[in-house]
Undergrad: 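Submitted below is the structure of interest, expressed as C-alpha cells.
In this chain, residues are counted from 1 in sequence order.
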Amino acid sequence: LDLNAMKLVETLLSAIVHSGAILCMMAYALPHFTACNTGDYYTFGTAAYTWLIITMNYRVAFLTTTWNWLSVFALVLSFAMYALFLGVYCYVRWTVPVFSFWMFHVPGYMFSTLVFWIGCFVAPALALVIDVFKAYVLLEFFPDRRDLILENAFKSQLREDEDKPPRSLMVPCFAAMAMPPSAAAEAWATTSESSFVFDHPEGPPRQISSLRAAHPTAGDTSLADAVSPCRNRRPRSATRTRSGVSRRSGGSSPSVASASGGGLTPAMEHAGARASATSEDLEVAMRPRAENKPSGGAFSQQALTSWQFVLTWHKAFAGAALVGLVMLTLGLSTAATSRSVKQLALQYDGQDTGSDIAVRGLKMIAPSNFGCPVDTAGKTSACMAVFVVEHDMKPPIAVDFVVDPFFQNYPSYLRSFSAAELRGEVPPRNGGEMGRCTEKSTKTDINGSRIFPCGLQAASLFNDTFALTDISTGAPMEFDRSSIAWPSDMERLSNPSGYPDRPRDMSWLYERFPDIVPEANGTRTQAFASWLRPAASPKVQKPYGVLREPLRAGQALRLDIYANFPVSTLGSRKLLVFTSSGSLLEEAPDNGLSCFLFVAGVVCWMAAVALVLMRACCGRYSGELHRRRPPAILTSCCFRAPRADRVTTPVSGEGDFAG
C-alpha cells in the first residue's frame with residue numbers, strides 16, 4: 001500500500017531533512033540580502049517562500065512515476081499561477097488593508113539579488129540529492145513490487161522501434177474487455193505502446209469470465225445507456241478504418257451479389273461496394289447510440305503518450321556528482337568574491353554580546369574604551385572617536401547602522417502603522433486604519449496633539465547622526481543619503497494636503513525628529529522610508545548613507561556621534577559599519593554561505609561515492625531480488641548468492657516473491 005506506517009515515517013523524515021536544508025540556506029543567505037538592502041521582512045520572506053514553492057514542485061515531480069503532457073502542464077501551471085499571484089499582489093497599488101503595504105515591487109528587488117538565484121538552485125538540488133540517495137538505498141536493499149515491475153518493464157522496453165505498432169492500432173481497455181481472454185492478451189502484448197504502462201502494468205485486465213463468482217449484472221451497461229445524453233454533445237459519425245470504409249461494411253452487399261448472379265464486371269462490383277458502404281454508413285449514423293459510454297480517445301482510456309522514470313545507479317551517481325560539482329563551484333566563487341569585500345565596524349553603545357567584536361577593521365586611538373550611551377530619551381549624547389583604518393577600501397562604501405537586537409519582525413510591530421496616513425490621507429481619529437495603532441503613546445503626544453503618522457514603526461525611527469572627518473586634511477567626508485530607500489517606497493509616501501500648516505493640532509515628523517526629517521520632506525524622507533521597511537531578523541541593519549570617497553590603510557579619521565536612540569532598556573547594542581562594495585556577492589566577514597556551499601558540495605560527492613560502492617559491493621540484478629557477485633576484495637561486505645541459483649523474480653501472477 002502507498003499509505004502505511006513506514007511510508008508516513010519515511011515522508012516525515014524527508015520533510016524534516018528538506019526543511020533543514022532550506023533553513024540553512026535561509027540563515028546563510030540573509031546577510032547577503034541585508035548587504036543588498038533587500039533583507040527586509042517581506043522581501044526575504046518572499047524569497048524563502050519561493051524556494052519552498054520550487055522545492056515542493058520538485059518533490060511532486062520526483063514522486064511522479066508516469067509522465068505525460070498533463071503532468072508537465074500541471075507543473076508549468078503551478079509556477080505560472082505563482083508568478084501571476086506575485087504580479088497582481090505586488091505591482092497593483094492596493095488600498096485595501098488586507099494587502100500588505102510593503103509588498104509593493106518586492107519581486108523586482110528580490111530578483112535583482114544574486115543570492116536569491118543561488119537559493120533557487122541550492123534548495124531543490126539538495127533535496128534532489130537527499131531523495132535520490134534515499135530512494136536508491138531502498139531500491140537496492142528493500143525493493144517492492146513496483147520497483148521490480150518497472151525494472152523488468154524497462155528491460156523489455158529495449159526493442160527495435162520498427163517492432164512497435166502504430167498508435168492508431170492500440171487496443172483500448174473497453175475493446176479488450178469484449179475479447180476472449182487469450183485474444184485480449186495477445187492484442188495487448190502486440191499493440192501496447194509501452195510495456196510498462198501503469199494502468200495495467202502486468203498485462204491486460206482480468207476478464208469478467210475469468211472471475212470465480214461473477215455478478216449476474218457484471219458488464220451490463222443498460223443503466224448508463226438509459227440515462228439521457230448530454231444536450232451539447234454532437235452525434236459521432238461512423239467509425240472508419242484506414243481505408244475510409246466503415247468497419248461494418250465487409251464488401252459488396254448480399255442483395256447486389258444475388259441479383260447479379262455472380263456475373264458482375266469489376267466496375268459494377270466497385271460501384272456496388274460503394275453503394276453498400278454508403279448504405280451501411282447511413283444505417284450506422286442513424287442508429288441510436290449510447291451517449292453515456294466513455295470515449296475511446298487516448299485521454300479517456302488512459303492511453304496518453306507517457307514516459308516513466310526508472311532509477312538506476314548511473315542516474316543516481318550522475319545527479320549527485322553534478323549537483324556536488326555545481327555546489328563546489330558556487331562555494332569557491334562566493335569565497336573568492338567575498339575576499340575583495342573589506343569591512344570595518346565600531347560599536348558605540350550597548351554591551352558586547354559576543355557575536356561581533358566591538359571594533360573590527362580599525363585601530364582605536366582615542367579613547368581606548370569608547371562608548372556613547374544615551375541615558376535619557378530625548379537627550380542627545382555627543383561623542384567623538386579617533387581611529388586608523390587598517391584596509392584600503394574603494395568607493396562607493398556602504399555605511400550602515402546596526403541595532404541588535406531590535407524586533408521589527410514581531411506581529412504587533414508589523415501591524416502598528418497606518419497605510420492611509422503614509423499615502424497622505426488623514427483618516428478619522430477613531431476606527432478604520434487608526435485602529436491598527438493600538439498604543440496610545442503612538443497616536444497622541446503629551447500635549448494632546450495627534451501624532452502623524454501614527455504607530456510603532458514611525459514612533460521608533462532611528463535618529464542617531466554621524467559626521468566623519470579626515471584628520472590629516474581636516475576636510476569633512478560627507479555621507480550621501482539621497483538613495484538609501486527603495487524608489488518604489490518613495491513613490492507611495494506622501495504628505496497630506498496643506499502640509500505643514502494644515503491640519504492643525506498635528507505632531508509632524510520633523511518636529512519629533514528634527515535631525516533626521518527635514519520639514520520640507522516630511523514623510524518623503526529617505527531615512528524614514530528605509531526604517532519603515534521592517535527587518536527580517538532581530539539584527540536590524542539599515543543603510544545610513546554612502547561614502548563616495550576612498551579610505552586608505554593607515555588613514556586617521558575622526559567620527560563624531562550624536563546619539564539619540566536609547567537601547568539601554570532594550571539590552572541592545574549599536575554599531576556603525578563601513579563595507580566596500582563592487583562585488584556581486586557582498587559578504588559580511590562573519591557569514592558562512594561559501595562554507596555552507598562547499599560543505600554541501602563535499603557531501604554530495606560523498607553520496608555519489610557511496611552509491612558507487614553500494615553498487616559494486618551489494619548490487620542487485622535489475623528486476624530480481626538476488627544480488628550480483630561482488631568483487632573478491634568485497635566478498636565479506638554483503639550477501640553473496642551463487643550465480644547458479646539466480647532466479648528471475650516473477651512480475652505477473654499473484655504469488656509472493658521468492659527469496
Undergrad: Considering all heavy atoms of both residues, which atom of I53 and which atom of N57 are nearest to each other, and what is their separation?
TA: O-ND2, 2.8 Å
Undergrad: Looking at A419 and F101, what are the two nearest heavy atoms and their distance?
TA: CB-CD1, 3.7 Å
Undergrad: Do F513 and N564 make a side-chain contact, defined as non-hydrogen atoms from C-beta onward lying under 4.5 Å apart?
TA: no
Undergrad: Do NZ/NE/NH1/NH2 and the carboxylate oxygens of R558 and D560 come within less than 4.0 Å?
TA: yes
Undergrad: Check this for me: does any side-chain nitrogen of one of R59 and D131 sit under 4.0 Å from a carboxylate oxygen of the other?
TA: yes
Undergrad: Look only at the side chain of S112 and the backbone of Y109, and say whether a donor-acceptor pair between them is shorter than 3.5 Å.
TA: yes
Undergrad: Any ion pair linking D349 and K574 (charged N to carboxylate O, less than 4.0 Å)?
TA: yes
Undergrad: Mind running side-chain contact (heavy atoms from CB on, under 4.5 Å) on S507 and R512 for me, showing each step along the way?
TA: CA-CA 7 Å; S507 176; R512 302 195 305 274; 3.4 Å; yes
Undergrad: Without swapping roles, check the side chain of T525 against the backbone of G522 for a donor-acceptor pair under 3.5 Å.
TA: yes
Undergrad: Is any side-chain heavy atom of V106 closer than 4.5 Å to one of F111?
TA: no
Undergrad: Could you check P487, S488, C90 and say which one makes a side-chain contact (heavy atoms from CB on, under 4.5 Å) with H105?
TA: S488
Undergrad: How long is the span from the CD1 atom in I561 to the CG atom in L346, to the nearest 0.5 Å?
TA: 5.5 Å
Undergrad: Would you say T50's side chain and T46's backbone share a donor-acceptor pair under 3.5 angstrom?
TA: yes
Undergrad: Provide the closest heavy-atom pair for R492 versus W94 in the form atom of the first, atom of the second, distance.
TA: NH2-O, 3.4 Å
Undergrad: So do the side chains of V567 and R573 get within less than 4.5 Å of each other, counting heavy atoms only?
TA: no
Undergrad: In the structure I gave you, are the side-chain heavy atoms of V540 and V402 within less than 4.5 Å of one another anywhere?
TA: no
Undergrad: Between the main-chain N or O of R481 and the side-chain N or O of Q526, is there a donor-acceptor pair closer than 3.5 Å?
TA: no
Undergrad: Might you work through the side chain to side chain donor-acceptor pair (under 3.5 Å) test for N495 and T523, ending with a clear yes or no?
TA: CA-CA 6 Å; N495 294 308; T523 56; 3.0 Å; yes
Undergrad: I want to check something: taking the side chain as every heavy atom from C-beta on, are Y510 and P518 in contact at a cut-off of under 4.5 Å?
TA: no
Undergrad: Enter the distance from L597:CG to M25:CE here, rounded to the nearest 0.5 Å.
TA: 6.0 Å
Undergrad: Verify the neighbour count for atom CZ of F79: are there more than 12 heavy atoms of other residues, nucleotides or ligands below 6.0 Å?
TA: yes
Undergrad: Tell me whether the count of non-hydrogen atoms from other residues, nucleotides or ligands lying under 6.0 Å of CZ in F407 goes above 12.
TA: yes
Undergrad: Kindly indicate whether the side chain of F528, heavy atoms from C-beta on, has any atom under 4.5 Å from the side chain of L509.
TA: yes
Undergrad: Rounded to the nearest 0.5 Å, how far apart are SG of C36 and CZ of F116?
TA: 13.5 Å
Undergrad: Could you please spell out the steps behind the side-chain contact (heavy atoms from CB on, under 4.5 Å) verdict for L557 and F387?
TA: CA-CA 6 Å; L557 300 175; F387 57 89; 3.9 Å; yes
Undergrad: With side-chain contact (heavy atoms from CB on, under 4.5 Å) as the test, would you mind laying out the steps for F598 and L328 before giving the verdict?
TA: CA-CA 5 Å; F598 187 81; L328 290 175; 3.7 Å; yes
Undergrad: Identify the two heavy atoms, one from P534 and one from L414, that lie closest to each other, and give their separation to 0.1 Å.
TA: CG-CD2, 3.4 Å
Undergrad: Under 3.5 Å, side chain of S78 to main-chain N/O of A74, donor-acceptor pair present?
TA: no
Undergrad: So which heavy atom on A563 is nearest to which on V374, and how close?
TA: CB-CG2, 3.4 Å
Undergrad: Do you know which two heavy atoms are closest between L547 and M477, and how far apart they sit?
TA: CD1-CB, 3.9 Å
Undergrad: In the structure I gave you, are the side-chain heavy atoms of D489 and W102 within less than 4.5 Å of one another anywhere?
TA: yes
Undergrad: What I want to find out is whether K542 reaches D400 closely enough, with some N-O distance under 4.0 Å, to be called a salt bridge.
TA: no
Undergrad: As a quick check of understanding, evaluate side chain to side chain donor-acceptor pair (under 3.5 Å) for T38 and T43, giving each step before the final call.
TA: CA-CA 6 Å; T38 54; T43 306; over 6 Å; no
Undergrad: Please answer whether the main-chain N or O of K342 pairs with a side-chain N or O of S580 as donor and acceptor at a distance below 3.5 Å.
TA: yes
Undergrad: Report the C-alpha separation of S482 and D480 in whole Å, then their side-chain angles, then the decisive distance to 0.1 Å, and conclude whether the side chain to side chain donor-acceptor pair (under 3.5 Å) test is met.
TA: CA-CA 6 Å; S482 61; D480 182 8; 2.7 Å; yes
Undergrad: Is it true that Q541 and T34 share a donor-acceptor pair across their side chains at a distance under 3.5 Å?
TA: no
Undergrad: Does the pair W531 and F406 meet the rule for a ring-ring contact (aromatic ring centres under 6.0 Å, His included), with working shown?
TA: CA-CA 12 Å; W531 176 260; F406 190 83; 5.7 Å; yes
Undergrad: Looking at OG1 of T469 and CE of M384, how far apart are the two atoms once the value is rounded to the nearest 0.5 Å?
TA: 10.0 Å
Undergrad: Walk me through whether D515 and T465 qualify under side chain to side chain donor-acceptor pair (under 3.5 Å).
TA: CA-CA 7 Å; D515 298 332; T465 57; 5.2 Å; no
Undergrad: Please determine whether the number of non-hydrogen atoms from other residues, nucleotides or ligands lying under 6.0 Å from atom CZ of R504 exceeds 12.
TA: no
Undergrad: Between L114 and H32, does the side-chain contact (heavy atoms from CB on, under 4.5 Å) criterion hold? Intermediate values first, please.
TA: CA-CA 9 Å; L114 181 60; H32 292 268; over 6 Å; no
Undergrad: Is there a donor-acceptor pair closer than 3.5 Å between any side-chain N or O of D470 and the backbone N or O of G474?
TA: no
Undergrad: Is it true that atom CG of L84 has more than 12 heavy atoms of other residues, nucleotides or ligands lying nearer than 6.0 Å?
TA: yes
Undergrad: Any salt bridge between D392 and R552, counting N to O under 4.0 Å?
TA: no
Undergrad: Is there a donor-acceptor contact under 3.5 Å from the side chain of R423 to the main chain of S494?
TA: no
Undergrad: When you compare the side chains of S537 and Y41, does any donor N or O come within less than 3.5 Å of an acceptor on the partner?
TA: no
Undergrad: Suppose the criterion is salt bridge (Lys or Arg N to Asp or Glu O under 4.0 Å): which pairs have a residue in residues 22-51, not counting sequence neighbours?
TA: D40-R533
Undergrad: May I ask you to check whether Y499 and W508 place their ring centers less than 6.0 Å from one another?
TA: yes
Undergrad: Okay, side chain of Q347, backbone of G350: is any donor-acceptor separation there less than 3.5 Å?
TA: yes
Undergrad: Applying ring-ring contact (aromatic ring centres under 6.0 Å, His included) to Y562 and F466, what does each step give before you reach the verdict?
TA: CA-CA 6 Å; Y562 304 95; F466 311 92; 8.8 Å; no
Undergrad: In Å, rounded to the nearest 0.5 Å, how long is the span from CD1 of I54 to CD1 of I22?
TA: 9.5 Å
Undergrad: Does a side-chain N-to-carboxylate-O contact under 4.0 Å join E491 and R524?
TA: no
Undergrad: Using side-chain heavy atoms (C-beta onward) and a distance below 4.5 Å, is Y58 in contact with L128?
TA: yes
Undergrad: Answer yes or no: is there a donor N or O on one side and an acceptor on the other, between the side chain of T334 and the main chain of S594, under 3.5 Å?
TA: no
Undergrad: Measure the CZ-OH distance between F578 and Y544 for me, rounded to the nearest 0.5 Å.
TA: 10.0 Å
